[in-house]
Amino acid sequence: QSVLTQPSSASGTPGQRVTISCSWTTANIGTNAVSWYQQLPGTAPKLLIYLNDQRPSGVPDRFSGSKSATSASLVISGLQSEDENHYFCAAWDDSLRGWVFGGGTKVTVL
Amino acid sequence: EVQLVESGGGLAQPGGSLRLSCEVSGFTFSSYEMNWVRQAPGKGLEWISYISSSGNIMYYADSVRGRFTVSRDNVKNSLYLQMNSLRGADTAVYFCARLLSYDSRHDWGQGVLVTVSS
């Protein structure tokens with residue numbers, strides 16, 4: 001059972017907006033920043049969002065992030081076929097003294 | 001260019017041991033905390049260990065505490081994971097990673113496969 005809860009799947013047609021949620025029920029995450037990764041299973045994750053809503057250089061601006069007290073969201077605006085992949089949220093957990101990851105969301109482009 | 005290259009994976013028997021290495025280049029290794037993260041087949045990412053930049057603070061996930069030991073050599077720019085008392089549930093791709101919660105420096109190795117089976 002992941003500390004961070006994500007839906008197992010999401011889908012949309014090209015051009016649609018897809019939102020992936022990441023929620024938690026403890027105060028362990030608190031004000032810690034949430035990151036989002038894109039990953040082909042078994043390969044190195046690619047950072048999409050850091051510090052809740054910041055995009056590294058090179059990440060398309062159709063990816064955006066936000067965070068509230070008990071959840072975070074990754075939005076893909078204008079879904080493209082190459083966005084079909086797995087997405088994970090992550091944050092540092094002060095109580096566990098370690099990184100925690102969501103279970104991952106598989107995005108399918110219909 | 002930042003590079004993290006893991007090695008040392010392979011097949012181990014239940015109860016056996018393996019030592020993973022991660023050689024780092026492209027940044028001042030001694031200045032940064034490091035982590036090991038694994039991914040079992042068909043599963044999500046699981047953080048398993050953290051080590052501070054100087055190597056004097058280590059944290060572990062419950063699933064590996066007491067069996068795995070993280071260490072580093074800041075002269076050799078290398079991170080290590082000694083894995084003892086291996087179990088089938090430890091079968092996974094293991095990644096070394098620099099994960100900085102305060103900025104965009106999240107760097108990952110390509111991963112190394114560990115298979116625990118008789």
Side-chain angles (χ1 to χ4, degrees), chain A residues 1-9 20 22 28-59 63 65 67 72 85-107, chain B residues 1-7 9 22 24 26 32-52 56-65 68 70 81 91-115:
Chain A
Q1 194 77 359
S2 302
V3 171
L4 305 181
T5 301
Q6 296 180 235
S8 58
S9 63
I20 302 169
C22 171
N28 297 355
I29 307 303
T31 58
N32 292 343
V34 173
S35 304
W36 288 91
Y37 298 96
Q38 180 188 64
Q39 191 212 20
L40 190 62
T43 66
K46 173 187 175 183
L47 181 67
L48 292 178
I49 297 290
Y50 67 100
L51 284 173
N52 306 321
D53 58 8
Q54 300 298 300
R55 264 190 320 276
S57 60
V59 172
F63 293 96
K67 177 179 180 272
N85 217 317
H86 291 77
Y87 295 84
F88 293 88
C89 57
W92 179 264
D93 186 311
D94 289 329
S95 176
L96 297 179
R97 287 188 285 188
W99 284 87
V100 288
F101 292 90
T105 299
K106 177 173 170 49
V107 170
Chain B
E1 180 192 5
V2 171
Q3 285 196 313
L4 296 83
V5 180
E6 301 95 338
S7 61
C22 171
V24 171
Y32 295 98
E33 59 207 42
M34 296 293 294
N35 298 270
W36 287 98
V37 178
R38 70 184 180 183
Q39 186 170 39
K43 302 294 185 183
L45 298 167
E46 179 191 15
W47 170 85
I48 57 172
S49 185
Y50 161 100
I51 186 167
S52 62
N56 63 332
I57 298 173
M58 292 85 79
Y59 301 135
Y60 299 93
D62 288 346
S63 57
V64 306
R65 187 177 294 113
F68 290 12
V70 62
L81 186 69
T91 294
V93 174
Y94 285 73
F95 299 96
C96 62
R98 177 176 67 162
L99 304 176
L100 303 182
S101 60
Y102 51 85
D103 70 19
S104 63
R105 285 172 289 182
H106 293 220
D107 304 295
W108 297 72
Q110 84 286 354
V112 63
L113 178 63
V114 170
T115 302

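Every chain is numbered from 1 and lettered A, B, ... according to where its sequence line falls, protein lines coming before strand lines. Keep in mind that the numbers below use all heavy atoms, side chains included, and drop hydrogens, waters and symmetry copies.
- Residue Q6(A): no heavy atom, backbone or side chain, is found under 4.5 Å from chain B.
- Heavy atoms closer than 4.5 Å to chain A are found nowhere in D107(B), neither backbone nor side chain.
- A heavy-atom distance below 4.5 Å is found between the side chains of F88(A) and Q39(B).
- Interface check for chain A: of the options Y50(B), Y102(B), F95(B), the most heavy-atom pairs under 4.5 Å are formed by F95(B).
- Taking CG of L100(B) as the start and OH of Y50(A) as the end, the distance is 11.5 Å to the nearest 0.5 Å.
- Of the listed residues (K46(A), H86(A), Q54(A), R97(A)), the greatest number of heavy-atom pairs within a distance under 4.5 Å of chain B belongs to R97(A).
- Considering only heavy atoms from C-beta on, L47(A) comes within 4.5 Å of S104(B) through its side chain.
- For the set P41(A), G42(A), A33(A), the entry with the most heavy-atom pairs within less than 4.5 Å of chain B is G42(A).
- You'll find the side chain of W47(B) stays beyond 4.5 Å of the side chain of D93(A), heavy atoms only.
- Taking each heavy atom of P45(A) and L45(B) in turn, the nearest pair found is CG-CD1, 4.0 Å.
- The number of heavy atoms from other shown groups lying within 6.0 Å of CZ (R105(B)) is above 12.
- The aromatic rings of Y59(B) and W92(A) lie tilted to each other, with the angle between the two planes from 30° to 60°.
- Only the side chain of S35(A) comes within contact range of chain B, with heavy atoms under 4.5 Å apart.
- Taking G109(B), G111(B), S101(B), S49(B) one by one and counting their heavy-atom pairs under 4.5 Å with chain A, the maximum is reached by S101(B).
- Proximity to chain B involves both the backbone and the side chain of W99(A), based on heavy atoms less than 4.5 angstrom apart.
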